[in-house]
Amino acid sequence: QVQLVESGGGLVQAGGSLGLSCTASEGTLSSYVVGWFRQAPGKEREFVAAISPRGTSTDFGDSVWGRFTISRENTKNTVYLQSNRLDPEDTAVYYCAAGDVLATYSSVYNYWGQGTLVTVSS
């Protein structure tokens, strides 16, 4: 079991960049797939990116493809989401989640953080 904490959210101008972190405050992340999801007001939760336990496989949602990257440092128990060329449409609460399967749907992830808000101004 792991407890996840996201950090790095904030306000950024359109076209800018922001780095988010997901750290396990309890437990070890190294054996888990870690995914990032986001939810904007009034919208459904959306898959953003995911990375395999050793970082050898990644996947990205269509809306962030080519703009976001995901990486991990298992020695630091941390997964990173680097977001570039941000757009106001990227405004949302970003959640990280841990599970056993690299997938785009949220139901396969067992552990979730509380989320961090990213606001992109135009």
Side-chain angles (χ1 to χ4, degrees):
Q1 185 171 352
V2 291
Q3 290 195 359
L4 304 177
V5 179
E6 302 94 338
S7 61
L11 176 65
V12 62
Q13 288 188 333
S17 299
L18 202 62
L20 304 182
S21 298
C22 173
T23 300
S25 60
E26 289 187 17
T28 303
L29 267 184
S30 60
S31 61
Y32 291 99
V33 171
V34 175
W36 285 93
F37 292 78
R38 67 186 183 186
Q39 189 163 19
K43 295 187 177 181
E44 293 186 354
R45 189 166 294 188
E46 176 189 16
F47 171 74
V48 176
I51 187 166
S52 60
R54 293 187 178 185
T56 53
S57 296
T58 59
D59 196 7
F60 296 89
D62 290 343
S63 61
V64 305
W65 193 274
R67 298 188 298 124
F68 287 22
T69 61
I70 188 170
S71 61
R72 66 192 301 161
E73 284 189 82
N74 286 337
T75 56
K76 295 184 178 181
N77 232 7
T78 301
V79 172
Y80 305 98
L81 182 72
Q82 178 65 36
S83 54
N84 302 312
R85 304 202 311 272
L86 284 162
D87 183 270
E89 291 291 313
D90 295 313
T91 295
V93 176
Y94 284 70
Y95 300 89
C96 69
D100 297 321
V101 178
L102 201 161
T104 63
Y105 41 98
S106 60
S107 60
V108 304
Y109 292 87
N110 302 313
Y111 308 104
W112 290 80
Q114 293 300 307
T116 185
L117 177 63
V118 173
T119 304
V120 184
S121 63
S122 58

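Predicted model, so just to flag it, every value in this text is computed and none were measured.
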Euclidean distance, Ser17 OG relative to Phe68 CZ, rounded to 0.5 Å: 9.5 Å
Co-membership, hydrophobic cluster, residues Val2 and Leu20, 4.5 Å side-chain: yes
Closest contact, heavy atoms only, Ala14 versus Ser122: CB-CA, 4.3 Å
Leu29 CG to Glu26 CD distance, which is reported to the nearest 0.5 Å: 12.5 Å
Val79 vs Trp36 side-chain heavy atoms within contact, under 4.5 Å: yes
Any donor-acceptor N/O pair, Glu6 side chain to Gln114 backbone, under 3.5 Å: yes
Cluster check Leu117, Tyr95: I/L/V/M/F/W/Y, side chain < 4.5 angstrom: yes
Tyr32 with Val108, same ILVMFWY side-chain cluster at under 4.5 Å: no
Distance-only donor-acceptor check, side chains Glu89 and Ser63, under 3.5 Å: no
Cluster check Val48, Trp65: I/L/V/M/F/W/Y, side chain < 4.5 angstrom: yes
Min side-chain heavy-atom separation Pro53-Val33 under 4.5 Å: yes
Thr23 and Asn77: CA distance, side-chain angles, deciding distance, side chain to side chain donor-acceptor pair (under 3.5 Å) verdict: CA-CA 6 Å; Thr23 300; Asn77 232 7; over 6 Å; no
Separation between SG of Cys96 and OH of Tyr80, rounded to the nearest 0.5 Å: 12.5 Å
Interatomic distance, Tyr109 atom OH to Leu4 atom CG [nearest 0.5 angstrom]: 12.0 Å
For the student: nearest non-hydrogen atoms of Ser30 and Thr28, plus distance: OG-CG2, 3.1 Å
Identified ring-ring contact (aromatic ring centres under 6.0 Å, His included) partner of Phe37 from the options Tyr94, Trp112, Tyr105: Trp112
Arg38 side chain to Ser83 side chain, donor-acceptor N/O pair below 3.5 angstrom: no
Heavy-atom donor-acceptor pair, Thr91 side chain to Val120 backbone, under 3.5 Å: yes
Salt-bridge present (Asp87, Arg67; N to O < 4.0 Å): no
Hphob cluster co-occupancy, Leu81 + Tyr111, side-chain heavy atoms under 4.5 angstrom: yes
Rounded distance [0.5 Å steps], OG in Ser57 versus CD1 in Ile70: 11.5 Å
Nearest-0.5 Å distance that lies between atom CG in Leu18 and atom CD in Gln13: 12.5 Å
Within-4.5 Å side-chain heavy-atom neighbours: Asn110 and Asp100: yes
Asp59 side-chain N/O to Ala103 backbone N/O, donor-acceptor pair under 3.5 Å: no
Considering all heavy atoms, the nearest Asn84-Gln82 contact: OD1-NE2, 3.1 Å
